[in-house]
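Below is one structure, written out as structure tokens; the observations come after it.
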Amino acid sequence: MSEPSAVQTPQAFPPRIFSGIQPSGGLTLGNYLGALKRFAQKQDEGIETIYCLVDMHAITVWQDPAKLRQQTREGAAAFIASGVDPARSVLFNQSQVSAHAELAWIFNCVARLGWMNRMTQFKDKAGKNAEAASLGLYAYPALMAADIMAYHATHVPVGEDQKQHLELTRDIAAKFNHDYGVEFFPIVEPLIEGAATRVMSLRDGTRKMSKSDPSDQSRINLTDDADAIAAKIRKAKTDAEPLPETLDGLKDRAEARNLVNIYAALAGMTAAEVVAENAGALFGTFKPKLADLAVSVMAPITTQMNRLMQDPAEIDRILGAGADRAEAIARPILDRVYDITGMIRSRR
Ligand code: AQP
């Protein structure tokens, strides 16, 4: 019924959670179910939580500066509206804490080209014209490893799509420890849990729901109103078959399975429970039920986001205060990294 959540620390580092989201567009239902909702749950379990709008990741593909600023504030509003409390979690934007960029450079010198060449996200995002992609897009996973390791984070709640990057983070940390003969960086554990670890596009059940998908119909945005949400679900691609009695019956029905998973995640049920409860229902019946559920969960979040966005100066203040707290954790770790790697630190 509920998601597994107990965080166990596999090594001698106290449990600490880090995760981030790119302000590379308006956030989606995928970001909410795969990330934001779980970020708030982890905070509520009483674990130390550090969350970040990763604006430096966002510029690995072109971002209009005014839009980036707006999207970063909107992302912060989405965190807060989803239950992340800036008093209990550290919430900030990445570029305000230079430790991320500094450690990323060290990790660029630890990571091997062969490892980076295997990263599927680069291949997906660079597409056929990889020669024209930015060097930053290629190095993205080393910056992500730095984001996590700058805080000695032990656990990272993410969607399924980030699994490979987390494995790379483990490889980089292990190689650093090995090369310098230290046990300095923890070997991080991904937390990929729940019914919606990979929410798929509403137009194509084989593609991830993504904020940068050119089709707005493919996703539910956190800023969509009730009518837009209902219309998108009504038009979502499905098939003509009724819902089966068991999950096995959804094996070759990607779009149907996606809507069942979304329902399960929104309702706090398992996909098997949703199927059992709706066995035999046609999509003409199931879609309106899903739309009502989605609106009832998302509407309060959208309302609060809109309210928070009316005071951008207050959002900036929250991000600045969060960055101060983040810096206080990361700076001593960075100082140790410079020491371990043999770099003189003699400024007063
Ligand atoms: N469709 C999804 N289902 C479940 N989780 C998802 N996440 C993203 N999409 C889904 C999770 O959200 C967190 C933040 O992701 P991100 O914004 O840093 O980058 P992304 O994974 O590349 O997300 P997008 O929406 O696809 O962004 P663009 O279009 O800019 O590349 C991560 O934990 C991710 O797993």
Side-chain angles (χ1 to χ4, degrees), residues 3 17-42 49-64 67-68 71-72 74-76 78-79 82 84 93-94 100 119-127 133-134 136-137 140-141 143-145 147-148 153 155-167 169 188-216 218-223 232 236 254-255 257-259 261-262 264-266 271:
E3 300 180 3
I17 281 179
F18 176 93
S19 201
I21 292 192
Q22 294 185 75
S24 47
L27 301 189
T28 71
L29 183 67
N31 295 128
Y32 174 70
L33 294 175
L36 289 171
K37 180 178 176 208
R38 295 172 48 235
F39 295 173
Q41 284 169 347
K42 293 296 162 203
T49 40
I50 303 174
Y51 297 129
C52 188
L53 272 311
V54 287
D55 46 10
M56 297 201 309
H57 281 278
I59 62 161
T60 56
V61 297
W62 168 251
Q63 302 293 332
D64 173 82
K67 276 198 194 148
L68 180 62
Q71 286 159 191
T72 304
E74 200 173 279
F79 271 85
S82 303
V84 171
N93 59 309
Q94 184 186 29
H100 294 247
M119 295 296 112
T120 54
Q121 181 174 288
F122 175 76
K123 289 177 198 158
D124 291 347
K125 288 201 172 176
S134 73
L137 188 64
Y140 180 118
L143 176 59
M144 179 165 159
D147 298 336
I148 299 163
H155 296 82
V156 181
V158 278
E160 180 74 36
D161 58 314
Q162 294 299 326
K163 197 170 169 199
Q164 194 186 35
H165 287 165
L166 264 291
E167 280 160 11
T169 300
V188 72
E189 290 289 335
L191 298 173
I192 301 171
E193 308 159 332
T197 55
R198 194 170 173 84
V199 177
M200 307 309 280
S201 157
L202 298 178
R203 308 304 302 160
D204 176 353
T206 63
R207 292 172 63 85
K208 188 181 80 143
M209 183 182 284
S210 179
K211 55 177 117 71
S212 59
D213 191 313
S215 164
D216 191 59
S218 70
R219 61 178 165 263
I220 292 172
N221 305 299
L222 295 193
T223 48
K232 284 178 179 177
E255 282 86 11
R257 196 172 58 235
N258 186 36
L259 294 192
N261 284 342
I262 292 174
L266 287 168

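A quick note: this is a predicted structure, and the numbers were derived from the prediction, not measured. The first residue of the sequence shown is numbered 1, and numbering continues consecutively from there. Order of listing sets the numbers, starting from 1, for every ligand and every atom in it.
At a 4.0 Å cut-off, not a single heavy atom of Gly25 sits close enough to ligand 1 to count as contact. Proximity of Ser19 to ligand 1 is not established, as no heavy-atom distance is less than 4.0 Å. Contact analysis puts Lys125 in contact with ligand 1, with a non-hydrogen atom separation below 4.0 angstrom. Ligand 1 lies nowhere less than 4.0 angstrom from a heavy atom belonging to Thr28.
Close approach to Ala196 involves these atoms of ligand 1, each under 4.0 Å from a residue heavy atom: 4 (C). Ligand-side atoms of ligand 1 in range of Gly34: 4 (C), 5 (N), range being under 4.0 angstrom from any heavy atom. Proximity to Gly20 (heavy-atom distance under 4.0 Å) selects the following atoms of ligand 1: 14 (C). Ligand 1 places these atoms under 4.0 Å from at least one heavy atom of Gln162: 21 (O), 35 (O).
For the pair Asp213 and ligand 1, the shortest N or O to N or O distance does not fall below 3.5 Å. Checking only distances, Ile21 never comes within under 3.5 Å of ligand 1, N or O to N or O. For ligand 1, the polar-atom distance check finds no N/O of Tyr140 at less than 3.5 Å from any of the ligand's N/O atoms. For the pair Met209 and ligand 1, the shortest N or O to N or O distance falls below 3.5 Å. Here's the thing with Gly159: one of its N/O atoms is less than 3.5 angstrom from an N/O atom of ligand 1.
For atom 35 (O) of ligand 1, the closest heavy atom belonging to the protein is Asp161 OD1, 2.6 Å. Regarding atom 20 (P) of ligand 1, its nearest protein heavy-atom neighbour is Lys208 NZ, 3.4 Å. Counting protein heavy atoms only, atom 19 (O) of ligand 1 is closest to Gln22 NE2, 3.2 Å. For atom 25 (O) of ligand 1, the closest heavy atom belonging to the protein is Lys211 N, 3.1 Å. Protein heavy atom at the shortest distance from atom 6 (C) of ligand 1 is Gly30 O, 3.5 Å. With hydrogens left out, the protein atom closest to atom 30 (O) of ligand 1 is Ser24 OG, 2.7 Å, a heavy atom. Among all protein heavy atoms, the one lying closest to atom 12 (O) of ligand 1 is Asn31 ND2, 3.1 Å. Of the protein's heavy atoms, Ala35 CB, 3.7 Å lies nearest to atom 13 (C) of ligand 1.
Side-chain contact between Phe39 and Thr49: absent, with no pair of heavy atoms (C-beta onward) separated by less than 4.5 Å. Side-chain contact between Ile21 and Leu36: present, with at least one pair of heavy atoms (C-beta onward) separated by less than 4.5 Å. No side-chain heavy atom of Arg198 sits under 4.5 Å from any side-chain heavy atom of Met209. Looking only at side-chain heavy atoms (C-beta outward), Lys163 and Val158 stay at 4.5 Å or farther from each other. Inter-residue side-chain proximity for Asn221 and Leu27 is flagged as unmet; no heavy-atom pair is nearer than 4.5 Å. Residues Lys211 and Gln22 are in side-chain contact: their nearest non-hydrogen atoms beyond the backbone lie under 4.5 Å apart.
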Q.
Apply side chain to side chain donor-acceptor pair (under 3.5 Å) to residues Gln121 and Asp161 and explain how you reach the verdict.
A. CA-CA 8 Å; Gln121 181 174 288; Asp161 58 314; over 6 Å; no

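Ring pair Phe122/Tyr140: centre-to-centre distance not below 6.0 Å.
Heavy-atom neighbours of Lys67 NZ from other residues, nucleotides or ligands within 6.0 Å: at or below the threshold of 12.
A donor-acceptor contact closer than 3.5 angstrom links the side chains of Gln164 and Thr120. Ser201 and Lys208 share no donor-acceptor pair across their side chains, judged by distance under 3.5 Å alone.
At a heavy-atom cutoff of 4.0 Å, ligand 1 is contacted by no atom of Leu33, backbone or side chain.
No donor-acceptor distance shorter than 3.5 angstrom exists from the side chain of Arg219 to the backbone of Thr28, with no hydrogens or angles considered. When atom types are taken as modelled, the side chain of Lys42 and the backbone of His155 share no donor-acceptor pair closer than 3.5 angstrom.
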